[in-house]
Amino acid sequence: MTSLGTTPSVPSVSAAGLCLSYGSTRALDDVSLRLGHGVTGLLGPNGAGKTTLLRVLATAVPADRGAFTVLGHDPGTARGRHDVRRALGYLPQTPGFHPDFTAFAFVDYVAILKEMTDRSARHREVRRVLDAVGLSDVRGKRIKRLSGGMRQRVALAAALVGDPGFLVLDEPTVGLDPEQRMRFRELIATAGEGRTVLLSTHQTEDVAMLCNRVIVMAGGRVRFEGTPAELSARAAGRVWSSTQRHPGAKAGWRTGTGAFRNVGDPPDGASLVEPTLEDGYLLTLDASEVAA
Amino acid sequence: MRGVTRPAADEPLPAAGLGRHAVGGLVRALVLPVARGLPWRPLAAGGTLGLLIAAGTRLHSDGVQPWLALLHLRAAALAFGLGLAFLLDDPARHTTATVPVRRLLRAGLRVALVAPVAVAWWGAAVLLVPAEGRPPLGDVTLEVAATAVLALAAAAAAVRLWEEPEPGQATAAVVLVTGVAAPLLMPGRWTLFVRLGVDRWDEAHRAWAWVLAGAVLVWVACTVEPVRRPLGGWSRSSPRP
Amino acid sequence: MSSTVSSPRTKALPTSTPAGESPRRRLRAVLALARVEARELLLQIPVFVVLCVYVAYVGWELWTGGGEDGAYPVLQDVDRATQPESLFLGVAVLVCVNRAVLRSRRRGTDGHFDVLVMEPWRRTVAHLLSVVPFALATALVVAAQFTGAALKPGAVGTGSFSELAVAPLAVLLLGVLGVLIARLVPSAFGAPLFVVGGYIAVVLLLSSSEDTPWLRWLTPFVDEFQADPLPSDLLGRPAAWHALYLVGLIVLVSCAAVLCGGRRTLPAALGLARAARNPVAWPAVGPARLVKAVALGAAVLTLAGAVGQSRGDSPALLAARKQASVAPEKDHTCVPHGRSTYCAFPEWTGRTEDWAAVVRRVQSLAGGAAGGTKLTVRQRVDARYGLSASATLEPSSTHGQVTVGTRWGGNRVPEFSVGVASVLVAGNEEAAAAMCDGRVVTVMWLALATTSDPMASLRDVRIDDSVSGSAIVLAPTHPLEMTAAQTTVVRELLQRPRYGVTAKVKAHWTELTSPKTSTARAAELLDVPVPKGSEKEDKCEE
């Protein structure tokens with residue numbers, strides 16, 4: 001396992017040796033990780049096993065092998081799984097909605113399923129999360145009348161209701177416009193204060209702006225675990241600019257200035273530039289392809 | 001990327017200016033994909049249950065009387081009609097809503113594809129009833145046709161009134177409750193669900209013909225896509241402001 | 001947008017407190033969900049419309065008094081009559097609760113909800129409970145129906161609590177069946193097709209029940225095409241057993257739904273799913289053992305109910321029915337009113353005053369000794385062939401005895417008048433049944449002249465609702481036959497002022513009540529034009 005970063009001193013979530021196969025496809029292959037407070041980004045290409053990992057950690061599907069604990073509870077027992085679910089907020093990749101429910105009724109429904117039984121306290125809590133995601137004005141509207149971004153925020157409110165200690169968000173910023181994306185980042189960053197948030201995404205900017213830790217997955221394995229700075233540092237000395245596309249570069253593209261930005265093993269005398277998180281990510285994926 | 005290159009300017013676009021021949025070609029091209037997209041499962045379930053109900057006439061210990069066979073055939077028609085209520089369900093509705101081929105053509109093609117199946121089904125259902133117990137076939141066929149078209153009209157109305165891509169289940173619920181409640185709650189002076197051998201039989205079947213015609217009109221009216229938002233904005237399929 | 005997503009995490013919030021594992025709280029969560037689901041169910045169009053129509057229909061019946069004999073309800077029949085009307089509500093609830101259970105699958109929220117604290121089986125329990133308010137609403141409607149009937153001054157008899165419970169139980173049964181179907185067949189068309197198939201299955205059960213009556217009782221409610229009400233102790237309906245059967249079935253179906261709801265797929269149920277070979281053991285779902293035990297108990301209850309309701313009529317009941325049919329005087333309570341005596345089954349004694357009023361009215365028009373004859377009005381039923389068999393009562397040969405049935409109100413009143421008048425004229429019912437001469441005119445005029453609208457009553461007692469031509473006239477026992485000429489004469493008489501006709505009837509009483517008097521002669525005596533062809537029609541068919 002390639003762990004370069006400092007692991008959190010008191011992990012809220014820790015997993016060891018998780019394996020899961022769908023037929024002959026190994027979706028998770030010996031995944032171990034430790035998550036502490038704050039937002040952890042989960043990066044990886046399509047089919048890397050991100051969603052499967054999130055589903056396992058959210059107790060939606062059991063792993064074939066391996067064990068994990070969430071906030072000290074072991075979901076391998078009925079009691080433990082129940083306790084994990086009490087402390088869990090989950091935003092699935094494709095959150096469904098009941099279009100005839102109002103935003104309030106839907107989040108209230110989820111709150112009941114989270115066993116919030118005191119009616120007035122529950123309604124207060126639902127109003128609080130809808131207010132937090134900025135939907136207090138439209139909480140009486142039916143979900144089918146809401147725009148895509150608003151629906152996504154309803155789903156986030158449903159994940160946040162009940163103030164869970166462990167928040168699992170599967171690509172929550174997909175399909176949002178830049179402004180909505182900024183708002184979402186703000187929300188998730190706030191949610192990360194005092195909680196453990198695991199955020200799966202394709203967007204390296206999300207990770208760069210939000211996460212204090214990052215995990216890169218590919219082919220069902222963890223390829224990197226550390227801080228975003230450490231991921232960027234992986235590309236130190238391996239990004240350069242040139243006037244022509246460099247044939248030996250792993251990746252290269254013409255930037256807005258007309259110069260080419262190359263990632264890979266630079267030739268001698270290349271003019272190196274400051275690496276970004278994305279460069280580190282690309283190189284990590286490339287290395288894992290070679291390893292595979 | 002090669003896949004997204006524009007066609008050369010002198011290549012005619014295939015859908016431009018559809019002549020009669022072009023419509024024929026379009027229909028031929030559409031038959032297979034539409035047939036593949038039809039909700040066959042509910043149709044099969046409704047049809048099978050209908051046939052079972054028709055075959056149930058043979059279970060009556062002391063032979064089936066025509067009035068009892070009529071009851072069975074009406075129930076079988078309702079079962080098949082429930083399957084038809086799902087006919088216009090289209091999970092890809094929001095994708096196909098804006099294609100140039102009209103909804104009337106697309107929906108009509110669905111109905112045309114199911115029509116021979118329905119005819120074959122009805123033939124089988126009739127044959128399953130013992131010959132000595134069969135009620136007057138022409139009139140009962142009229143009732144069954146009216147029931148089927150009513151179910152289709154309900155499905156079309158659901159598509160017209162709701163944005164839902166698959167309103168079949170709600171439609172089936174309405175068709176079912178109507179089908180169960182109508183014969184029992186309808187005032188006695190309206191002749192529709194008459195018993196066999198009652199002198200109002202012919203009168204009732206004139207009424208069934210009217211129902212059939214009305215259902216066809218409703219189906220067409222609901223299937224034609226409105227160009228403008230109707231006055232008063234009663235249609236929920238209209239775009240949000 | 002507010003920048004605070006959460007209140008400080010130190011604040012104890014409902015879900016994050018680890019201590020809340022108490023069963024009471026878990027139950028409260030289920031109840032809260034059931035409440036939300038019940039409200040959603042009410043707002044479904046079919047349920048809402050059917051409930052409104054049901055309530056409106058019953059309200060209308062209560063308001064208008066409910067048909068011909070609505071003013072004189074027999075409570076041991078009224079209780080049963082509440083059952084069929086609840087069927088529509090049951091069907092609507094079945095279809096819509098099925099939709100509600102499948103909602104999260106249809107909308108793709110399953111993936112999310114399955115990781116929430118409330119397990120799928122408890123969500124199933126909430127759906128099952130969401131049907132209960134509709135059963136309670138049905139119970140209220142039934143209670144209103146029955147109370148409305150019981151409060152009528154003409155009400156007789158006693159209702160059965162078990163019969164009244166059947167309608168709410170049937171709604172509950174259909175509702176929980178909707179949940180079970182959703183758990184077994186997770187597709188949109190399961191429930192509607194089940195309803196149609198179930199309907200035909202019931203038809204098959206009912207049609208094949210000629211020789212196997214126990215099959216009939218397996219259906220949610222059993223309607224009888226009963227001709228005339230019977231005393232409540234002669235009904236012999238196993239209502240309590242049937243209610244027990246329904247309760248058992250409801251619990252059984254509910255348990256099955258809960259057990260299916262825990263495992264969402266058929267492969268998982270068969271132990272074939274991946275979870276089965278998973279070393280991280282997937283915990284057993286819910287208190288499955290307890291549910292299975294309850295299901296077993298419910299199966300026993302259902303079986304007990306089914307056996308209990310299938311035992312058929314006991315010899316004691318058959319003997320009691322025979323006695324009530326052949327020798328009713330042993331069961332009767334007799335009450336004198338004026339000169340005559342009125343003998344009725346104990347539950348009907350309250351109605352003797354109504355009968356006495358009719359007898360007084362008819363007798364006041366009669367002349368000769370008939371005006372003061374002591375009559376015995378005896379209530380009769382024919383219960384020998386069970387509830388569904390309709391048998392006509394044989395005319396009595398006892399002098400001065402008039403038969404009265406168990407129904408009252410509407411056409412039964414002029415029919416009874418005809419019975420009284422024919423005994424006054426002919427002496428006994430057997431003789432009256434053979435009447436085919438001028439006496440028919442006297443009988444019909446006596447019977448109808450004092451009613452509030454004689455012509456309407458004439459139309460009512462004739463089987464074809466006509467006021468001209470020949471027709472059959474209904475009476476409590478054997479019907480009378482009226483020829484066209486007799487009809488003409490009676491019509492003429494009924495249209496004349498009563499006091500004039502009364503005087504003539506009393507004056508010519510002996511001749512008018514003689515079998516030798518022809519219709520033409522009666523017309524002459526009563527000063528009415530003699531209709532043509534009356535002589536030909538007056539021949540008695542032997």
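First the proteins, then the strands, lettered A, B, ... as listed; each starts at 1.
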Contact class of A/F106 relative to chain C, heavy atoms under 4.5 angstrom: side chain
task: Please answer whether the main-chain N or O of A/A105 pairs with a side-chain N or O of A/T102 as donor and acceptor at a distance below 3.5 Å.
output: yes
query: Are C/R123 and C/E119 within salt-bridge range, i.e. N to O under 4.0 Å?
result: no
- prompt: Between C/R107, C/E40, C/R122, which has the largest tally of heavy atom pairs under 4.5 Å with chain A?
  reply: C/R107
message: Please classify the contact of A/V110 with chain C as side chain, backbone, both or neither, using a heavy-atom distance under 4.5 Å.
response: both
field: Interchain contact, A/L88 with chain C, by part (heavy-atom threshold 4.5 Å)
entry: side chain
query: When heavy-atom pairs shorter than 4.5 Å are enumerated against chain A, which of C/R103, C/R106, C/E37 gives the highest number?
result: C/R103
field: Heavy-atom proximity to chain A below 4.5 Å, by part of C/R35
entry: side chain
- prompt: Under 3.5 Å, is there a donor-acceptor pair between the side chain of A/R195 and the main chain of A/P164?
  reply: yes
message: Is there a side-chain contact between A/D163 and A/R128 in this structure, where contact means two heavy atoms from C-beta onward sitting under 4.5 Å apart?
response: yes
statement: Greatest number of non-hydrogen atom pairs under 4.5 angstrom with chain C, of A/A158, A/P92, A/A155, falls to A/P92
message: What I want to check is whether the side chains of C/T109 and A/H98 have a donor and an acceptor closer together than 3.5 Å.
response: yes
- request: Please look at A/F97 and chain C and tell me whether the side chain, the backbone, both or neither of the residue comes under 4.5 angstrom of a heavy atom of that chain.
  value: backbone
query: A/R122 side chain to A/I112 main-chain N or O, any donor-acceptor pair under 3.5 Å?
result: no
